[in-house]
Amino acid sequence: KIKRTHQIIKDETAVLFDHYDELSIYSCLQQLLDKRENAKKIAKNANFRVEYLKSATFGNKWLESQHFAAEENKTST
């Protein structure tokens, strides 16, 4: 099973296109403009993923700092 919290998922958290192909870029942009509800869904899902990753990163850093502080306390006593 894919860990979906760390993935770019086509048409769910992002639109994908070939950046060397002008028609591919145009087609993606046109799809977003034509299907506004899908564009809103993709934006909402992408924002959720970013917020999740930010909180996970912050949480990991906080846990690491707590672990480091506990280790320092052990050595200073």
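Here the structure is a predicted model, which is why all the values come from computation and not from measurement. Numbers for residues simply follow the sequence, beginning at 1.
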Mind listing the side-chain donor-acceptor pairs of residues 22-29 below 3.5 Å, one per line with the distance, residues two or more places apart or on another chain?
from	atom 1	to	atom 2	distance (Å)
Ser24	OG	Asp18	N	3.0
Tyr26	OH	Gln30	OE1	3.3

Quiz prompt | Working for side chain to side chain contact (heavy atoms under 4.5 Å, CB included), residues Val15 and Leu32 | solution = CA-CA 9 Å; Val15 290; Leu32 290 172; 3.7 Å; yes
- Task: With sequence neighbours excluded, tell me which residues meet side chain to side chain donor-acceptor pair (under 3.5 Å) with Glu37.
- Result: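 By the side chain to side chain donor-acceptor pair (under 3.5 Å) rule, Glu37 matches no residue at all.
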What distance do Lys40 atom NZ and Lys44 atom NZ have between them, rounded to the nearest 0.5 Å?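 It is 11.5 Å, given to the nearest 0.5 Å.
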- From CZ (Arg36) to CD (Gln31), nearest 0.5 Å: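 Spacing of CZ (Arg36) from CD (Gln31) equals 13.0 Å.
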Subject >> Shortest non-hydrogen separation from Ile42 to Asp11 and the atoms involved >> reply: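 Nearest heavy atoms, Ile42 then Asp11: CG1-O, 3.7 Å.
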